[in-house]
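Everything on this sheet refers to the single structure shown next.
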Amino acid sequence: MLGALRREAVRRFLRRALHGSAAPVAKALAAPAAKAGAAAVAAPSAAYAAWVLSSDDPGMAMRLSYNVPARLARDCAAVASIVADYQWSLRGADGADRAWIMHECHARSAQKLLELCFANGGIYIKLGQHVGQLDHLLPTEYVRTMRENVLDRCPSTPYDVVCQTLREEFGAGPDELFAEFEQSPVASASLAQVHRAYTHDGQKLAVKIQHPGLREHSAADVAMVEFLVHAVKWMFPGFNYQWLVDEIKINLPKELDFVLEAANAEKCKRNLESPRSRVRGRVKVPEVIHNLTSKRVLTMEFIDGISVTDCEGLDALGVDTGKVAELVSQTFSEMIFVFGEVHCDPHEANLLVRKQEGEMQLVLLDHGLYQQIDQGFRWHYAGLWHALIFADEDGIKHYSATMNAGDMYPIFASMLTLKPWNQIREATVDHLDAPQSPQDRARIAEFAHRHVRQISDLLLQMPRELLLLLKTNDCLRAVDRSLGKPINTLVITARECVRALAEQRSRHLPPLLAKFYTLGDHMHMELRLAMLRAATMWMRLLQCVTWRSTACSI
């Protein structure tokens with residue numbers, strides 16, 4: 001009924017515009033050119049008015065008609081400025097001068113990109129967060145600028161707009177829905193912000209409310225990002241980030257649906273509380289309050305905790321950072337290799353630590369971005385990591401082929417591990433430890449620069465499931481690095497890979513025989529790890545003796 005009334009109002013408006021008030025004006029315009037000019041103005045104006053009045057939200061339609069061109073203008077200005085800077089600055093430069101000038105251009109351009117992200121907001125900030133985790137793909141200046149700025153500086157939505165969103169979703173404002181609702185958000189992220197609230201029976205809640213206009217802007221924003229990607233490719237033919245646009249097109253609608261996020265949270269909770277989980281009781285997923293959840297509002301129980309990378313806070317809580325790193329690694333290894341449902345945004349703001357009944361507990365927040373992995377892919381991925389951990393070159397080559405890497409398997413292995421191929425082939429227990437030092441990160445950046453074209457090709461042809469897993473790995477490495485007390489997470493990964501491969505091997509065997517073979521696989525894996533540890537200790541002992549002998553001779 002409302003739609004019919006709105007369409008009738010539009011028809012009346014157009015009749016008045018074209019046959020009423022417009023008629024005297026037309027008679028007064030004697031020159032044909034003037035008539036043509038009036039028609040040129042009247043037709044788009046009438047069409048614009050019809051679009052605004054016939055939309056479900058005329059106010060939002062008017063805001064879009066201003067915001068979309070403004071955002072596009074910012075994009076064009078930023079791209080033009082960055083392109084001009086590179087072309088002008090690098091003209092005639094070579095050798096060491098070119099490397100230094102390139103570094104300066106990267107730094108200036110990263111700052112311009114950061115300003116664009118904050119000016120446009122929404123998915124641009126989300127994109128900036130993603131850039132801040134791509135050590136192996138982008139120049140260091142871009143990664144560092146985004147990592148240091150976009151995680152905790154997201155703009156917030158005014159309280160009156162928050163109230164309007166709640167009324168649109170539930171037909172009532174915060175004063176009616178809650179006994180108490182704090183006007184200032186406790187956290188603000190790229191797509192939403194969180195307010196603390198209390199129910200009438202005293203339960204403490206976290207109310208996640210989507211920033212306005214994201215759904216309406218999303219199609220235009222994706223088109224703008226695609227334009228930026230094509231501009232980068234035109235400027236630097238080796239940089240083809242079409243895979244990033246494809247992922248945004250798939251995942252953004254999912255992240256903007258908080259009902260889907262609630263379902264992801266509940267699946268994660270079931271998995272990690274099941275008898276199959278080795279972290280059962282040590283990981284907490286907040287309970288969803290369904291009657292106060294919609295596509296734009298997600299209400300969950302509020303859980304206090306310390307950020308997973310707040311080392312001082314963890315020390316004050318009496319929690320060992322090594323144990324935290326171990327629990328994080330165990331949790332996400334299970335998601336990937338055992339359950340096949342992976343939380344793909346595990347940055348520091350989404351991981352909290354608390355003590356519950358004297359025991360450390362990891363709290364998982366923000367379940368909007370998930371990757372579902374089918375059984376076949378999960379087994380192949382487990383086989384690949386098993387081969388990487390045990391420096392099995394034939395296995396690496398075989399499983400890389402299942403990921404469409406083909407002859408580029410050495411580069412593919414380096415992308416996964418952030419290690420050079422010669423180190424991947426070393427049979428030591430720590431050959432794939434996460435890079436920690438500035439020298440390690442410099443080597444990663446140099447590798448990415450040298451193989452940028454091959455990396456871009458691999459990202460375009462590898463299975464879509466793998467792209468989000470690469471992002472997850474980057475997030476987990478950043479957390480591990482921030483904790484400053486890295487553990488050998490590869491031992492945990494090896495054990496979970498063996499669980500997945502044992503499941504594949506024994507799926508057609510009788511239960512008793514399957515358990516026997518599984519036990520044998522685990523014993524074999526632990527024996528190989530023990531041999532690697534022994535070989536590593538022997539090599540270090542020989543290096544120490546050699547160094548002392550050399551020092552004495554000097």
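Note that the structure is predicted; figures quoted are calculated from it, not measured.
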Identify the heavy atoms of Ala413 and Leu388 that sit nearest to each other, and give their distance. CB-CD2, 3.8 Å
Would you say Leu314 and Glu312 make side-chain contact, with heavy atoms under 4.5 Å? no
For Glu226 and Gln242, does a side-chain donor sit closer than 3.5 Å to a side-chain acceptor? yes
What's the verdict on side chain to side chain contact (heavy atoms under 4.5 Å, CB included) for Cys268 and Leu364, showing C-alpha distance, side-chain angles and the deciding distance? CA-CA 9 Å; Cys268 179; Leu364 300 183; 4.0 Å; yes
Does the side chain of Ile396 come within less than 4.5 Å of Ile424's, by heavy atoms? yes
Could you tell me whether Tyr409 and Trp421 have their ring centroids closer than 6.0 angstrom? yes
Between the side chains of Gln164 and Glu168, is a donor N or O closer than 3.5 angstrom to an acceptor N or O? yes
Main chain of Asp85, side chain of Ser89: is a donor-acceptor contact present, judged purely on distance under 3.5 Å? yes
Minimum-distance pair of heavy atoms, taken over all atoms of Ile248 and Pro253: O-CD, 4.0 Å
Test item: Thr402 and Phe377 side chains (from C-beta on) under 4.5 Å apart, heavy atoms: no
So do Val328 and Pro346 actually touch side chain to side chain, heavy atoms under 4.5 Å? no
Is there a side-chain contact between Met462 and Leu470 (heavy atoms, below 4.5 Å)? yes
State, without any angle test, whether Glu255 and Asn251 hold a side-chain donor-acceptor pair at a distance under 3.5 Å. no
Can you check whether Asp75 reaches Tyr124 side chain to side chain, under 4.5 Å on heavy atoms? yes
For a quick check under 3.5 Å, do Asp394 and Tyr399 share a side-chain donor-acceptor pair by atom type? no
Would you say Lys397 has more than 12 foreign heavy atoms packed within less than 6.0 Å of its NZ? no
Please check if the number of heavy atoms outside Asp407 that lie under 6.0 Å from its CG is greater than 12. no
Which label fits His343 and His367: parallel for a plane angle under 30°, tilted from 30 to 60°, or perpendicular past 60°? perpendicular
Keeping the roles fixed (side chain from Asn404, backbone from Gln461), state whether a donor-acceptor pair exists under 3.5 Å. yes
Give a yes or no answer on whether the side chain of Ser414 reaches the backbone of Pro420 with a donor-acceptor pair at less than 3.5 Å. no
Going through the checks in order, is the side-chain hydrogen bond (donor to acceptor under 3.5 Å, both in side chains) test met by Gln210 and Gln193? CA-CA 7 Å; Gln210 197 171 111; Gln193 64 191 42; over 6 Å; no
NZ or CZ of Lys254 within 45° of Tyr370 ring axis and under 6.0 Å: no
Under 3.5 Å, is there a donor-acceptor pair between the side chain of Asn120 and the main chain of Arg74? no
Going by the angle between their ring planes, with limits at 30° and 60°, are Tyr381 and Phe337 parallel, tilted or perpendicular? parallel
Any donor-acceptor pair under 3.5 Å linking the side chain of Asp310 with the backbone of Ile306? no
Give a yes or no on whether the backbone of Ala325 and the side-chain of Ser329 come within a donor-acceptor separation of less than 3.5 Å. no
